[in-house]
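For reference, positions follow the sequence shown, starting with 1.
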Amino acid sequence: QVQLVESGGGLVQAGGSLRLSCAASGRTFSTYAMGWFRQRPGKEREFAAAISWNGGRTYYAESVKGRFTISRDNAKKMVYLQMNSLKPEDTAVYYCAAGYSYSSGAYYLAASYDYWGQGTQVTVSS
């Protein structure tokens, strides 16, 4: 079992930065791949970024590549999403997710993840 709690969301102007954090509990955190998804107003939940269990591989949606950076600290049981050059279209609820075992090509699928946080709101004003 893994419990996830996101924090760090808020209101920021376009071009600004935010750092989201995801605190995990559970002894097996380091064995989970982690992902960040987001749900924009009126849209389906979509993949943003993912990181392998040891941080050796990272994946990004095209819409955030070059602006967002995912990282993790297994000793602290934390996952981060550094978001730079934010745009109004980045406005969404951001969710942290943990997936125990999925094929390397399935990182972008919500169904690949077993546990989810409650989400944190990010609002980017123009």
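For Tyr113, the ring-ring contact (aromatic ring centres under 6.0 Å, His included) test picks out Phe37, Tyr102, with sequence neighbours left out.
To the nearest 0.5 Å, atom CD of residue Gln121 and atom CD of residue Glu6 are 12.0 Å apart. Distance check, rounded to the nearest 0.5 Å: OG of Ser63 to NZ of Lys87 gives 8.5 Å. The CG atom of Asp114 lies 10.0 Å from the CD atom of Gln1; values are rounded to the nearest 0.5 Å. Of the inter-residue distances, the one linking Ile70 atom CD1 with Met34 atom CE reads 7.5 Å to the nearest 0.5 angstrom. Atoms SG and CE, on Cys22 and Met78 in that order, are 7.0 Å from each other to the nearest 0.5 Å. In this structure, OH on Tyr60 lies 12.5 Å from CH2 on Trp36, to the nearest 0.5 angstrom.
With Asn74 contributing its side chain and Trp53 its backbone, the two residues share a donor-acceptor pair below 3.5 Å.
A single hydrophobic cluster is seen to contain both Leu81 and Val12, as judged by linkage of ILVMFWY side chains at heavy-atom distances under 4.5 Å, directly or through other members. The cluster map of Ile, Leu, Val, Met, Phe, Trp and Tyr, joined by side-chain heavy atoms under 4.5 Å apart, puts Tyr100 and Leu4 in the same cluster. If you chain together hydrophobic residues whose side chains sit under 4.5 Å apart, Val5 and Tyr94 never meet in one group. Tyr95 and Val122 are not part of a single hydrophobic cluster, where members link through side-chain heavy atoms under 4.5 Å apart.
Checked options Tyr107, Phe47, Tyr108; the residue passing with Tyr59 is Tyr107 (criterion: ring pair (Phe, Tyr, Trp, His ring centres under 6.0 Å)).
In the displayed structure, Gln118 atom CD is contacted under 6.0 Å by more than 12 heavy atoms of other residues, nucleotides or ligands.
Of all heavy-atom pairs between Val124 and Thr91, the closest is N-OG1, 2.9 Å. Ala98 and Val2 make their closest contact through CB-CG1, 4.4 Å (heavy atoms, listed as atom of the first residue, atom of the second, distance). Annotation for Ala14 and Ser126: closest pair CB-CA, 4.3 Å, computed over non-hydrogen atoms. Minimum interatomic distance between Thr31 and Thr28 (heavy atoms only, all atoms of both residues): OG1-O, 2.6 Å. Pairing each heavy atom of Leu18 with each of Gly8, the nearest pair is CD2-O, 3.8 Å. Contact detail for Arg67 and Ser85: the closest heavy-atom pair is NH1-O, 3.0 Å.
Put simply, the side chain of Lys77 does not reach to within 4.5 Å of the side chain of Ser25, judged on heavy atoms. At least one side-chain heavy atom of Leu20 sits less than 4.5 Å from a side-chain heavy atom of Met83. Looking at Phe68 and Thr58, their side chains never come closer than 4.5 Å, going by heavy atoms from C-beta outward.
Annotation: cation-pi geometry satisfied between Arg72 and Phe29 (NZ/CZ under 6.0 angstrom from ring centroid, within 45° of ring axis).
A salt bridge is defined here as a Lys NZ or Arg NE, NH1 or NH2 lying under 4.0 Å from an Asp or Glu carboxylate O, and Arg40 with Glu89 fails to meet this definition.
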